[in-house]
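Numbering starts at 1 and runs along the sequence shown.
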Amino acid sequence: MISEDDDGTGIRFTVPYHYESQVRTNWGRTFPARLKRLAQESVTLSTSLPIAYGSTIFVRCDNDRLDVMKVLITGPSGTPYSNGCFEFDVFFPNDYPNAPMMINLETNGRQRVRFNPNLYTDGKVCLSILNTWHGRPEEKWNPQTSSLLPVLVAIQSLILNAEPYFNEPGYEKSRGTDQGERNSREYNVGIQIATVEWAMLDQLRHPSPCFKDVSI
């Protein structure tokens, strides 16, 4: 994902990466606590990522930089995201794990599609554990117990779910009502169309270099 310039004075990204400016700012600096934690988490990821026909989470990291990652989550079966390939850029800030990782959705219809109330057109991912959404104290990021794995599983299960309409604050109250269920079905139709266009066809036409062997 990153290579040094021929003269050794700088770096260049071989793939598009949302947090390129943050990486360049911190190039050459080391943060022992972050590196130790990332090394531990990488071992866990290598054996614990969900792998199933219905939905799988794939993770790629730079050969030399564990803090630079890309993630692909295939939409779970039984949801409007089914069979879609959703790509995320992940970066771990200098003070990680005291602060959560940064995650941006790259599959957003070139910033025109909002795939979920928790996913913005600019790629922002709203989750309590990322401290990007208000929630109960126990749902917030905890440096001792939180890690990338549960964050990715939360995106897979809590965001890419069967009824994303009810993720919108306040809409949960309408669950089970005729109007609420009708609105949910209509919302799902729009999500399904966008999934086919951007998380399937666009992925086939312009596959991510990091996940070409997965999406094609």
| query | Counting only N and O atoms by type, is there a donor-acceptor contact under 3.5 Å from the side chain of Thr79 to the main-chain atoms of Pro76? | reply |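 Such a contact is found between Thr79 side chain and Pro76 backbone.
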Indicate yes or no: does Arg65 engage Asp67 in a salt bridge with an N to O separation below 4.0 Å.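 Yes, this pair counts.
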task: Would you check if the side chain of Arg114 reaches a backbone N or O of Pro117 as a donor-acceptor pair within less than 3.5 Å?
output: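 Checked: pair present.
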Please give me the minimum heavy-atom distance between Gly78 and Ala162, naming the atom from each residue.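 So the two residues come closest at O-CB, 3.6 Å.
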| query | Can you list the steps and then say if Asn188 with Gln192 is a side chain to side chain donor-acceptor pair (under 3.5 Å)? | reply | CA-CA 6 Å; Asn188 277 7; Gln192 287 174 321; over 6 Å; no
request  = Check step by step if side chain to side chain donor-acceptor pair (under 3.5 Å) holds for Asn108 and Tyr120.
outcome  = CA-CA 8 Å; Asn108 51 32; Tyr120 286 68; over 6 Å; no
Original post:
Between His134 and Ser128, what is the shortest heavy-atom contact and its length?
Top reply: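 That would be O-OG, 3.5 Å.
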- Query: Tell me, do Leu127 and Trp133 make a side-chain contact under 4.5 Å, heavy atoms counted?
  - Reply: no
Requested in this report: Compare all side-chain heavy atoms of Ile57 with those of Leu49 and state whether any distance is below 4.5 angstrom.
Outcome: yes
Quick one: are Pro50 and Thr56 in side-chain contact, heavy atoms under 4.5 Å?
no
query: Thr195 side chain to Pro80 main-chain N or O, any donor-acceptor pair under 3.5 Å?
result: yes
**Prompt:** Are the charged groups of Arg110 and Asp202 less than 4.0 angstrom apart, N to O?
**Reply:**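 Yes, this pair counts.
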Interatomic distance, SG@Cys61 vs CD@Glu41, rounded to 0.5 Å, equals 12.0 Å
Are Met200 and Asn83 close enough that some pair of their side-chain heavy atoms sits under 4.5 Å apart?
yes
Does NZ or CZ of Arg34 fall inside the cone over Phe92's six-membered ring, less than 6.0 Å from its centre and within 45° of the axis?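 No.
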Leu72-Met101 co-clustered via ILVMFWY side chain contacts under 4.5 Å: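 Cluster IDs for Leu72 and Met101 differ.
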Any heavy-atom pair between the side chains of Thr47 and Val43 that's under 4.5 Å? no
field: Hydrophobic cluster identity match, Ile11 and Tyr17, side-chain contacts under 4.5 Å
entry: yes
If I take atom CD1 from residue Ile103 and atom CE from residue Met69, how far apart are they, to the nearest 0.5 angstrom?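 Here the rounded value is 10.5 Å.
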Say whether Phe166 and Val125 are linked into one hydrophobic cluster, either directly or through other cluster members, by side-chain heavy-atom distances under 4.5 angstrom.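 Shared cluster, yes.
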Between the CZ atom in Phe88 and the CG atom in Leu119, the distance rounded to the nearest 0.5 Å is 6.0 Å
Is a donor on one side and an acceptor on the other found under 3.5 Å between the side chain of Asp89 and the backbone of Asn104?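 Answer holds: no.
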Checklist entry - Distance-only, no hydrogens or angles: does the Thr25 side chain make a donor-acceptor pair with backbone N or O of Ser21 under 3.5 Å? => result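 Here the side-chain-to-backbone pair exists.
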query: Would a 4.5 Å heavy-atom cut-off, applied to side chains only, mark Tyr187 and Ile191 as touching?
result: yes
*asked:* Check this for me: does any side-chain nitrogen of one of Glu181 and Arg175 sit under 4.0 Å from a carboxylate oxygen of the other?
replied: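 No, no charged N to carboxylate O under 4.0 Å.
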Using 0.5 Å steps for rounding, measure from the CE atom of Met102 to the CG atom of Asn131.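 Taking CE in Met102 and CG in Asn131, the distance rounds to 12.5 Å.
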Between the side chain of Asn116 and the main-chain N/O of Pro164, is any donor-acceptor distance below 3.5 Å?
->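 No, because the side chain of Asn116 does not come within donor-acceptor range (under 3.5 Å) of the backbone of Pro164.
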Item to complete: Please say whether more than 12 non-hydrogen atoms of neighbouring residues, nucleotides or ligands are located less than 6.0 Å from CG in Asp213.
Response: yes
### Message
Membership question, hydrophobic clusters at under 4.5 Å side-chain separation (ILVMFWY): are Ile159 and Val90 in the same one?
### Response
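Val90 clusters together with Ile159.
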Could you tell me whether a side-chain N or O of Glu139 sits under 3.5 Å from a main-chain N or O of Arg136, the two making a donor and an acceptor?
yes
- Look only at the side chain of Thr14 and the backbone of Met1, and say whether a donor-acceptor pair between them is shorter than 3.5 Å. yes
Note: Ala194 and Val113 closest approach over all heavy atoms is CB-CG1, 3.7 Å
The reported gap from CZ in Phe115 to CG in Leu160 (rounded to nearest 0.5 angstrom) is 9.5 Å
Would a 4.5 Å heavy-atom cut-off, applied to side chains only, mark Val71 and Ile73 as touching?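 Yes, side chains in contact.
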Which atom names give the shortest non-hydrogen contact between Gln203 and Cys85, and what distance separates them?
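Nearest pair, atom of Gln203 first, then Cys85: NE2-O, 3.0 Å.
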When you look at Ile129 and Lys140, which way does the side chain to side chain contact (heavy atoms under 4.5 Å, CB included) test go after all the steps?
CA-CA 4 Å; Ile129 194 172; Lys140 294 288 188 177; over 6 Å; no
Item to complete: Taking the side chain as every heavy atom from C-beta outward, state whether Cys210 and Val15 have any atom pair closer than 4.5 Å.
Response: yes
Decide yes or no on side chain to side chain donor-acceptor pair (under 3.5 Å) for Thr107 and Glu87, but give the supporting numbers first.
CA-CA 6 Å; Thr107 307; Glu87 183 179 356; 5.1 Å; no
query: Cut-off 3.5 Å, side chains only: do Gln179 and Ser174 have a donor facing an acceptor?
result: no
* Pair Asn167-Asn161, side-chain donor/acceptor within less than 3.5 Å -> yes
_Taking Ile2 as the starting point, is it possible to reach Tyr19 by hopping between hydrophobic residues whose side chains are less than 4.5 Å apart?_
yes
Between the CG atom in Leu204 and the NZ atom in Lys212, the distance rounded to the nearest 0.5 Å is 11.5 Å
**Asked** Is the number of heavy atoms from other residues, nucleotides or ligands under 6.0 Å of Phe211 CZ greater than 12?
**Response** yes
**Message:** Determine whether the aromatic ring centres of residues Trp141 and Tyr96 are separated by less than 6.0 angstrom.
**Reply:** yes
Ion pair check, Arg182 and Glu186, cut-off under 4.0 Å | no
